[in-house]
Structures are given as structure tokens and as C-alpha cells.
K.L.:
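Supplied in C-alpha cells, the structure appears directly below.
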Amino acid sequence: MNKEKFAFDKVNYMLLAAGFAIIVIGFLLMTGPGSTETTFEPDIFSFRRIKLAPTICFAGFLFIIYAIMRKPKKS
């Protein structure tokens, strides 16, 4: 098999996997108890869920964009 035909190399795939993991971590940080019709949960406005988790998700998407745009090294 000729490696010249592949658009990505091993490093690109590892970077894509790392970016995907960062996004999953960001979404997991967004989870938590929600408010219902009878009770109000003030945790929905916490720093972790409003600012930190979306920032981590955004960083993961930027990481994935870098992984896609990265040109494999010619050997």
C-alpha cells in the first residue's frame, strides 16, 4: 500500500482522537441536575456549566480543525 495516497498520517488520527476526547470532556462538564417545574436548581448557572465547559468544547473543536489542516510530513 502506498502511503502517499492517504490524506492523514498516524499523528493526524491521534490528534483527531485527542480533540474528540476534549469535546467529550467538555460535554460531560456541562451535565448536572436540571430544574423542574417544582424545584429550581441554581447549579445550572454555575461557572463550570456556563463558562468552563463551553470553552473546553470550543478548544476541542479548534484542536480538531488543526488536526484536519495539519499536513503530514513527507518521508
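Just so it is clear, the values below take in all heavy atoms, side chains as well, and ignore hydrogens, waters and symmetry mates.
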K.L.:
Of all heavy-atom pairs between Ile44 and Gly34, which one has the smallest distance, and what is that distance?
P.N.:
CG2-CA, 4.3 Å
K.L.:
Give the minimum heavy-atom separation between Ala18 and Phe63, together with the two atoms involved.
P.N.:
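The pair with the smallest heavy-atom distance is CB-CE2, 3.7 Å.
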K.L.:
CZ of Phe61 to CD1 of Ile56: how many Å apart, nearest 0.5 Å?
P.N.:
13.0 Å
K.L.:
Should Arg70 and Asp9 be marked as a side chain to side chain contact (heavy atoms under 4.5 Å, CB included) after you check the CA-CA gap, both sets of side-chain angles, and the distance that decides it?
P.N.:
CA-CA 10 Å; Arg70 182 186 168 276; Asp9 62 352; 3.2 Å; yes
K.L.:
Going only through I, L, V, M, F, W and Y residues with side-chain contacts under 4.5 Å, is there a path from Ile25 to Ile22?
P.N.:
yes
K.L.:
Distance check, rounded to the nearest 0.5 Å: Asp43 atom CG versus Phe45 atom CZ?
P.N.:
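If I round to the nearest 0.5 Å, the distance is 10.5 Å.
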K.L.:
With rounding to the nearest 0.5 angstrom, report the CD1 to CE distance, Ile50 to Met30.
P.N.:
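Nearest 0.5 Å value for the CD1-CE distance: 9.5 Å.
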K.L.:
Counting distance only, does the side-chain N/O of Asn12 pair as donor-acceptor with the main-chain N or O of Ala67 below 3.5 Å?
P.N.:
yes
K.L.:
Give a yes or no answer on whether the side chain of Arg48 reaches the backbone of Leu29 with a donor-acceptor pair at less than 3.5 Å.
P.N.:
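Yes; judged by distance alone, with no hydrogens or angles, the pair exists.
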K.L.:
If you take all heavy atoms of Ala53 and Gly26, which pair is closest and at what distance?
P.N.:
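Residues Ala53 and Gly26, closest heavy atoms: CB-O, 3.3 Å.
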K.L.:
With a 4.5 Å heavy-atom cut-off, do Phe27 and Cys57 have their side chains touching?
P.N.:
yes
K.L.:
As an exercise, state the distance from CD1 of Ile23 to CG of Leu28, rounded to the nearest 0.5 Å.
P.N.:
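Ile23 CD1 to Leu28 CG: 12.0 Å, rounded to 0.5 Å.
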K.L.:
Considering residues, nucleotides and ligands other than Phe40, do more than 12 of their heavy atoms fall under 6.0 Å from its CZ?
P.N.:
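Enclosed: over 12 neighbouring heavy atoms sit under 6.0 Å from CZ of Phe40.
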